[in-house]
2 protein chains.
Amino acid sequence: MSELKKQQNFRMTRQRGIILEELRRINTHPSADEIYEQVRKQQPRISLGTVYRNLEILSELGEIQKLETGSSIKRFDGNPVNHYHIRCICCDRVVDAPVEPLINTSKDIHEATNYKIIGHRFEFIGVCPECSDDAVAPGLEKVKYL
Amino acid sequence: MSELKKQQNFRMTRQRGIILEELRRINTHPSADEIYEQVRKQQPRISLGTVYRNLEILSELGEIQKLETGSSIKRFDGNPVNHYHIRCICCDRVVDAPVEPLINTSKDIHEATNYKIIGHRFEFIGVCPECSDDAVAPGLEKVKYL
DNA sequence: ATAGATGCAAAAGCTTTGCACAAGG
DNA sequence: CCTTGTGCAAAGCTTTTGCATCTAT
């Protein structure tokens with residue numbers, strides 16, 4: 001599969017183009033379904049399956065990032081440069097975190113564990129300003145992070 | 001729901017006890033399904049639903065941790081004290097990371113974003129020694145972390 | 001006695017996939 | 001042309017939930 005992918009010739013279809021454009025235009029880190037709804041405005045017959053397939057391919061190509069947050073749904077980021085995020089525990093929205101990525105932690109870990117370290121994920125968990133305003137922030141009481 | 005939970009009286013049923021015991025005994029960060037298989041050896045008629053319900057309750061009580069990794073399945077940790085993990089991209093197994101948790105990052109973030117920061121998650125992504133041995137590590141080629 | 005827990009099965013939510021047809025290069 | 005991509009629908013996987021029954025306390 002590795003080799004296959006690498007010798008594959010990717011085509012820029014209308015669907016793929018719109019998805020990439022859309023992700024580049026916004027910075028809301030949408031889910032596949034949110035992207036689907038958005039793209040449908042220009043390409044009404046696009047299918048969810050196509051959206052998923054293209055998001056997968058675009059992130060393999062390094063054009064976008066698949067954000068594997070602690071949430072049960074994956075989100076996508078049109079900015080391919082590594083950076084950290086803050087996720088709202090109430091509404092699940094994700095924004096960029098204003099901190100520089102850490103470096104050089106991986107080497108120590110490798111020496112201690114013998115794992116090959118490919119990278120790391122750092123995610124702040126919080127409550128966004130909108131959700132903080134709500135009298136009761138649903139889900140808040142369940143949180144057990146540090 | 002918040003209040004309800006707090007006034008609730010939790011009972012130590014046989015099922016709940018076995019699940020907690022099992023998690024305390026091991027340090028393999030099992031999934032709900034792996035716990036189910038294990039507990040079934042002592043309590044053959046336990047249902048997966050019961051396992052899920054108990055894992056939820058035990059983590060709300062702070063007895064265990066629900067690990068919301070970037071993987072599509074959640075894992076559980078019998079150690080309730082906050083610490084970081086390394087996840088193998090190939091086999092999805094999780095081990096403890098030999099690093100101290102960071103502190104004091106949250107305040108800056110709050111000031112910059114107005115998010116209430118509850119905590120953070122830090123997860124190393126890597127390839128475990130066992131998977132490194134395999135000629136082809138399935139899934140490796142898809143990785144696009146920093 | 002009674003609030004809380006269980007087992008079972010169905011359903012829900014997100015994602016992947018098989019297949020026949022369409023279209024990019 | 002012919003390989004890659006699409007739309008549609010079905011299936012897959014993890015997790016949640018409704019309900020009747022059971023059981024800690």
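Being a predicted model, the structure only gives us computed values, none of them experimental. Chain letters run A, B, ... following the sequence lines, proteins first and then strands; every chain starts at 1.
In this structure, the side chain of B:His110 engages the main chain of B:Tyr115 through a donor-acceptor pair within 3.5 Å. Under a 3.5 Å cut-off, the side chain of A:Arg16 and the backbone N or O of A:Arg11 do form a donor-acceptor pair.
Distance A:Phe76 CZ to C:dC14 P: 13 Å, rounded to the nearest Å. A straight line from CD1 of B:Ile35 to C1' of D:dT14 spans 14 Å, rounded to a whole angstrom. For the pair A:Ile18 CD1 and D:dT6 P, the interatomic distance rounds to 11 Å; values are reported in whole Å. To the nearest angstrom, C1' of C:dA23 lies 15 Å from CD1 of A:Ile46. Rounded to whole angstrom, the span from the CZ atom of B:Arg40 across to the C1' atom of C:dC8 amounts to 13 Å. When the P atom of C:dA22 is taken as reference, atom CD of A:Gln43 falls 15 Å away, rounded to whole Å. Protein atom CD1 of A:Ile57 is 11 Å distant from nucleotide atom C1' of D:dT6, rounded to whole Å. Look at CZ on B:Arg75: it is 16 Å from P on D:dC13, rounded to the nearest Å.
Checking C:dT15, C:dT6, C:dG7 against every side-chain atom of A:Ile73, the shortest atom distance belongs to C:dT15. Comparing atom distances between the B:Arg16 side chain and each of D:dT15, C:dG7, C:dA5 picks out C:dA5 as nearest.
Residues satisfying the side chain to side chain donor-acceptor pair (under 3.5 Å) test with B:Thr50, not counting sequence neighbours, are B:Ser47.
Among the protein residues, A:Asn54 comes within range of the sugar-phosphate backbone only, with heavy atoms under 4.0 Å from sugar or phosphate atoms but none that close to a base.
Contact annotation: A:Asn9 side-chain N/O to D:dC2 OP1/OP2 distance is not under 4.0 Å. Applying the 4.0 Å criterion to OP1 and OP2 of C:dG7, one finds that B:Gln15 has a side-chain N or O inside that range.
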Can you check each nucleotide of nucleotides 17-25 of chain D against protein heavy atoms at under 4.0 Å and return B for base, S for sugar-phosphate only, - for none, in 5' to 3' order? BB----BBS

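Linking ILVMFWY side-chain heavy atoms closer than 4.5 Å, directly or via other members, places A:Val51 and A:Ile26 in two distinct hydrophobic clusters. Hydrophobic clustering of Ile, Leu, Val, Met, Phe, Trp and Tyr side chains at less than 4.5 Å, counting indirect connections, keeps B:Phe124 apart from B:Leu67. Connection of B:Tyr36 to B:Ile73 is not established within any shared hydrophobic cluster, with ILVMFWY side chains joined at heavy-atom distances below 4.5 Å, either directly or through further cluster members.
Ring geometry for A:Phe122 against B:Phe122 counts as tilted: the plane angle lies between 30° and 60°, on a 0 to 90° scale.
Comparing A:Val51 and B:Ser31, the nucleotide of DNA chain D nearest to each residue sits closer to the 5' end for A:Val51.
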